[in-house]
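Below: one structure, written as structure tokens.
Computation of the quantities below employed the complete heavy-atom set of this structure, encompassing side-chain atoms and omitting hydrogens, waters and symmetry-equivalent molecules.
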2 protein chains.
Amino acid sequence: MNDRSDIERIRDARRAKLPKLDIDATAQRILVVALRMFAMHGFHATSMRELAKALEIQPSALYASFPSKDHLLAELVRIGHEFHHASLRAALLAAGGEPVEQLRAVVRANALVHATYPHLAVVVNDELHALPPALAAPGLALRRQSVALLTDIVERGIALKRFAVHEPMVAIAAIGAMSLRIPYWYEPGTLAADALADAQAELALRIVGAAP
Amino acid sequence: MNDRSDIERIRDARRAKLPKLDIDATAQRILVVALRMFAMHGFHATSMRELAKALEIQPSALYASFPSKDHLLAELVRIGHEFHHASLRAALLAAGGEPVEQLRAVVRANALVHATYPHLAVVVNDELHALPPALAAPGLALRRQSVALLTDIVERGIALKRFAVHEPMVAIAAIGAMSLRIPYWYEPGTLAADALADAQAELALRIVGAAP
DNA sequence: GTCTATACTATGATAGAC
DNA sequence: GTCTATCATAGTATAGAC
């Protein structure tokens with residue numbers, strides 16, 4: 001498919017990038033380009049031939065670094081989930097014991113990850129289902145942990161009467177959804193990533209009815 | 001690919017369904033099954049052969065109703081966008097002139113569409129980018145109108161001092177994201193769709209800082 | 001680790017009979 | 001409108017030389 005006319009799911013204005021990794025330079029180069037193409041067009045809409053062409057190597061050379069296309073995606077999904085979960089955990093640990101501050105910190109971190117690594121977020125969220133279960137399992141486990149982390153904060157805040165929420169599940173889903181959607185609309189320029197994170201943290205506090 | 005092992009993007013607990021349509025019965029039967037498969041596995045991960053097999057017809061029979069796989073997706077996307085936009089418009093028209101009631105009505109409608117037609121919502125949102133630009137254009141136009149509809153309500157509410165928002169764009173995106181994500185987590189049972197819609201409408205009012 | 005060359009399979013789509 | 005049969009292409013992946 002030389003003449004691809006698909007609509008891009010995420011704009012390439014911000015170049016695709018990965019967190020710092022400790023892996024082979026060739027593998028990293030492949031991962032970054034694969035990340036961009038998987039994010040923009042989707043995993044199944046990106047062929048190994050096209051990926052190789054974008055890298056200016058032959059398709060067969062890809063298999064020296066990754067045993068299959070699935071493993072390539074799995075590695076991106078693994079990196080994304082681990083970085084994401086580590087970011088949330090670090091934010092929570094630094095936030096002290098007050099639910100308001102915990103929620104603010106975790107939502108800020110969640111927003112910043114999505115604003116800083118939008119391609120990675122898109123691939124993690126939209127292409128995980130393309131993996132065979134064995135390769136998707138680790139990511140799914142981390143995802144559940146991240147949800148639990150947010151759930152625990154909100155439920156504790158309710159118990160401590162810091163928050164007032166009618167339907168906790170709906171509120172938690174709304175807070176998660178807010179940051180999850182960042183890659184699809186946000187572009188830095190008018191609003192700095194940090195200001196976006198602050199704004200979403202404030203909205204999260206409104207959502208849980210934290211006393212202002 | 002007989003032995004598909006992909007993870008399903010959306011559970012099939014709720015059977016895929018379409019709004020009432022005025023089209024050929026055969027075409028409708030094809031559309032419903034395609035809707036389910038595109039929603040669960042993705043457009044590119046669903047082959048015409050698999051679709052035909054699920055319908056218990058031969059692949060070539062599909063082409064009597066739709067000239068190509070793209071057109072099949074385009075029809076689903078068109079139906080989804082038109083139904084969605086019509087729902088929001090109807091809700092707004094019935095809501096009177098008060099921004100608080102307008103926002104409540106539109107968010108309720110948005111939530112109900114996503115809770116009632118989750119497969120359609122998933123296909124519209126996740127597979128639109130798989131269409132060539134010419135086929136995607138009508139959907140994109142309706143999408144912009146729906147966003148504008150919400151934006152106008154929020155901005156008018158701010159101007160009339162009914163709402164207090166620091167970053168309108170962030171608030172509007174959050175309100176949209178909340179309903180958009182419904183198909184990926186919500187399952188009726190513990191919470192009725194109507195209660196979900198009410199809960200999201202309340203959260204939207206909190207997000208825009210409507211006086212309680 | 002990259003190349004050339006190629007095997008094998010799956011894909012979207014069409015031809016033509018009924 | 002559905003069938004059988006088939007085409008042309010694109011897909012993932014491998015073999016073997018350098």
Side-chain angles (χ1 to χ4, degrees), chain A residues 1-6 21-35 37-38 40-77 123 127 129-132 134-136, chain B residues 1-6 21 23-35 37-38 40-77 123 127 129-136:
Chain A
M1 210 191 302
N2 273 343
D3 179 27
R4 184 199 289 292
S5 55
D6 293 0
L21 297 175
D22 187 25
I23 58 170
D24 180 48
T26 304
Q28 176 131 0
R29 207 171 79 88
I30 294 172
L31 282 176
V32 171
V33 177
L35 173 62
M37 299 183 76
F38 290 172
M40 292 206 305
H41 308 297
F43 175 72
H44 284 116
T46 304
S47 70
M48 294 296 262
R49 290 187 214 276
E50 290 172 306
L51 175 55
K53 194 171 194 172
L55 285 158
E56 296 183 287
I57 59 175
Q58 293 304 311
S60 56
L62 295 168
Y63 292 86
S65 300
F66 298 93
S68 77
K69 192 188 176 190
D70 280 354
H71 284 80
L72 225 174
L73 173 60
E75 180 65 3
L76 288 171
V77 166
V123 168
E127 306 297 345
H129 78 281
L131 286 175
L135 289 176
Chain B
M1 212 191 301
N2 272 343
D3 179 26
R4 185 198 291 288
S5 55
D6 291 2
L21 297 173
I23 58 171
D24 179 48
T26 305
Q28 177 132 357
R29 208 172 76 88
I30 294 172
L31 283 176
V32 172
V33 176
L35 174 62
M37 299 183 77
F38 290 172
M40 293 206 304
H41 308 296
F43 174 72
H44 283 116
T46 305
S47 70
M48 294 296 263
R49 284 170 158 79
E50 290 173 305
L51 175 56
K53 192 171 195 174
L55 285 158
E56 296 183 287
I57 59 174
Q58 293 304 309
S60 56
L62 295 167
Y63 292 87
S65 299
F66 298 92
S68 76
K69 192 187 175 190
D70 281 354
H71 283 82
L72 225 174
L73 173 59
E75 181 64 4
L76 288 171
V77 166
V123 167
E127 306 298 345
H129 79 281
L131 286 175
L135 289 176

### Query
Is any side-chain heavy atom of A:M37 closer than 4.5 Å to a side-chain heavy atom of A:L51?
yes
### Task
Calculate the interatomic distance between A:L51 atom CG and D:dG11 atom P; express it in whole Å.
12 Å
### Query
Separation of B:R49 atom CZ from D:dG11 atom P, in whole Å?
15 Å
### Least distance between heavy atoms, B:L131 atom then B:A136 atom
CB-CB, 3.9 Å
### Task
Sort out for me which residue in B:T46, B:L135, B:L35, B:V123 forms a side-chain contact (heavy atoms from CB on, under 4.5 Å) with B:L73.
B:V123
### Summary
Smallest heavy-atom separation, A:H129 atom then B:H41 atom, equals NE2-O, 3.3 Å
### Interatomic distance where NZ belongs to B:K69 and C1' belongs to C:dA10 [whole Å]
11 Å
### Task
Mind checking the CG-CG spacing from B:L72 to B:L62? Nearest 0.5 Å is all I need.
7.0 Å
### Query
In whole angstroms, how far is the C1' atom of C:dG12 from the CG atom of B:L131?
16 Å
### Task
Rounded to the nearest angstrom, tell me the gap between atom CD in B:E50 and atom C1' in C:dG12.
13 Å
### Task
Take atom CG of B:D70 and atom P of C:dG12, then tell me their distance rounded to the nearest Å.
10 Å
Please enumerate all protein N or O atoms sitting under 3.5 Å from an N or O of nucleotides 1-4 of chain D, with distances to 0.1 Å.
residue : atom : partner : partner atom : Å
D:dC3   : OP2  : B:Q58   : N            : 2.6
D:dC3   : N4   : B:S60   : OG           : 3.3
D:dT4   : O4   : B:S60   : OG           : 2.9

### Task
Taking the side chain as every heavy atom from C-beta outward, state whether B:F43 and B:D70 have any atom pair closer than 4.5 Å.
yes
### A:M48 CE - C:dC8 P separation (whole Å)
20 Å
### Task
Check the distance between D:dC7's P and B:Y63's OH and give it to me in whole angstrom.
17 Å
